[in-house]
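Here is the structure we will look at, set down as structure tokens.
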Amino acid sequence: MWPRIAIVVGLVAGVAVASLVIGGLLLLGPAPVLVATATPTPSVAPSPSLAPSASASATVAPTPSPTPVSSGPPSPGTGSPSPNVATLFHIGQAAPTLAVEKVGGGRFDLASLKGKPVWVNFMGTYCPSCQDELPLMSGFAARYASAGLVVVAVDIREDATTVGEFASALNVTFPVGLDLDGSVASSWGAVALPVHFWIDADGIIRAGSLGGIGPDIMASSLQTILPGVKVTP
């Protein structure tokens, strides 16, 4: 009988040892890997690097604004341009003094043009947008001269010969003034080129635009100073 008991005890002991070994392997094995799937975060396009400030030298072209800012036609439903834009272009205020020598001789004085609508453009021969705009401006000047429109471009800090050759090459038909020291542009807040101001017959600025613009903005801004005249691009 004792041998049978010994056999039974041995079997039980063997099972116990085997259980301990298996349990130990499970405890010592690698931890389970948890897999989580997350919704991918949309990648954000990097902001473009800021271009270095242009030199004061007339040979370096100021970088035009990629998006023209026009304050002439009011935003739909508002009845007036936004306060910040209005302040930038002095909308609703009397135009600052503008008296400059003209290319080819003579003098341009805005004060002598009371009673006439005036379009003033600050520009430079080194400004690509200015080269595109001046021929368009000549077209508007010719088409609306009978409505009393006066158009003038004011070049900033360049000599008369350079500006005269530039205007002649583009067949500019309106006066081009010379702001030789930049003081006039500064008084108007023309910190980048090109800048446009549309002034009504009472000498009040009604619209303004910064950066290269096309015929649509030109026409809609002109409309603010030519009441009763249908202006088309």
Side-chain angles (χ1 to χ4, degrees), residues 54-65 68 70 95-113 116-199 205 207-222 225-226 229 231-233:
S55 162
S57 168
T59 59
V60 179
T63 304
S65 171
S70 177
T97 300
L98 174 53
V100 292
E101 299 299 323
K102 293 190 301 184
V103 172
R107 190 169 178 81
F108 179 88
D109 190 345
L110 183 62
S112 67
L113 295 173
K116 289 182 175 291
V118 183
W119 178 358
V120 175
N121 166 230
F122 288 94
M123 46 74 67
T125 65
Y126 45 82
C127 165
S129 294
C130 301
Q131 298 175 31
D132 296 333
E133 290 177 346
L134 290 177
L136 294 173
M137 294 171 63
S138 289
F140 280 104
R143 285 161 54 198
Y144 297 101
S146 60
L149 177 65
V150 176
V151 179
V152 60
V154 181
D155 182 89
I156 313 301
R157 295 192 179 94
E158 294 186 278
D159 62 84
T161 299
T162 298
V163 180
E165 291 175 352
F166 175 77
S168 177
L170 294 177
N171 296 315
V172 174
T173 59
F174 48 83
V176 179
L178 300 168
D179 182 12
L180 297 175
D181 61 1
S183 60
V184 176
S186 178
S187 68
W188 281 68
V191 295
L193 302 179
V195 183
H196 300 263
F197 297 89
W198 287 269
I199 304 151
I205 297 175
S209 183
L210 169 64
I213 60 175
D216 288 344
I217 291 179
M218 291 179 179
S220 59
S221 298
L222 269 175
I225 62 170
L226 294 174
V229 176
V231 182
T232 57

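Values in this document were obtained by computation on a predicted structure and should not be read as measured data.
When atom types are taken as modelled, the side chain of S186 and the backbone of G182 share no donor-acceptor pair closer than 3.5 angstrom. Side-chain N or O atoms of N121 include one that pairs as donor or acceptor with a backbone N or O of V195 at under 3.5 Å.
Of the inter-residue distances, the one linking R157 atom CZ with L180 atom CG reads 10.5 Å to the nearest 0.5 angstrom. T162 OG1 to Y126 OH: the interatomic distance, rounded to the nearest 0.5 Å, is 11.5 Å. The CG atom of D155 sits 8.0 Å away from atom CZ of F166, with the distance rounded to the nearest 0.5 Å. We find the CG-CD distance between L170 and E133 to be 11.5 Å, quoted to the nearest 0.5 Å.
At most 12 heavy atoms of other shown residues, nucleotides or ligands fall within 6.0 angstrom of atom NZ in K116.
Residue pairs satisfying the ring pair (Phe, Tyr, Trp, His ring centres under 6.0 Å) criterion with at least one member in residues 173-192, sequence neighbours excluded, are listed as follows: F122-W188, W188-F197.
Side-chain contact between H196 and S221: absent, with no pair of heavy atoms (C-beta onward) separated by less than 4.5 Å. Side-chain contact between D179 and I156 is present, with at least one heavy-atom pair separated by less than 4.5 Å. A 4.5 Å side-chain heavy-atom check between N171 and S138 finds every atom pair outside the cut-off. The side-chain heavy atoms of E165 and T125, taken from C-beta on, include no pair separated by under 4.5 Å. With contacts defined as side-chain heavy-atom distances shorter than 4.5 Å, the pair L110/I199 qualifies. Using a 4.5 Å heavy-atom cutoff, the side chains of F140 and V151 are not in contact. Residues M123 and L193 fail the side-chain proximity criterion, which asks for heavy atoms closer than 4.5 Å.
Taking each heavy atom of I205 and P96 in turn, the nearest pair found is CD1-CD, 4.0 Å. Here the closest heavy-atom approach between residue G177 and residue V100 is recorded as CA-CG2, 3.8 Å. Residue T97 comes nearest to V184 through the heavy atom pair O-CG1, 4.4 Å, listed as atom of the first residue, atom of the second, then distance. Heavy atoms only, all atoms of each residue included: L149 and A141 are closest at CD2-CA, 4.4 Å. Contact detail for F108 and V152: the closest heavy-atom pair is CZ-CG1, 3.5 Å. Taking every heavy atom of both residues into account, C130 and P194 meet most closely at SG-CB, 3.7 Å.
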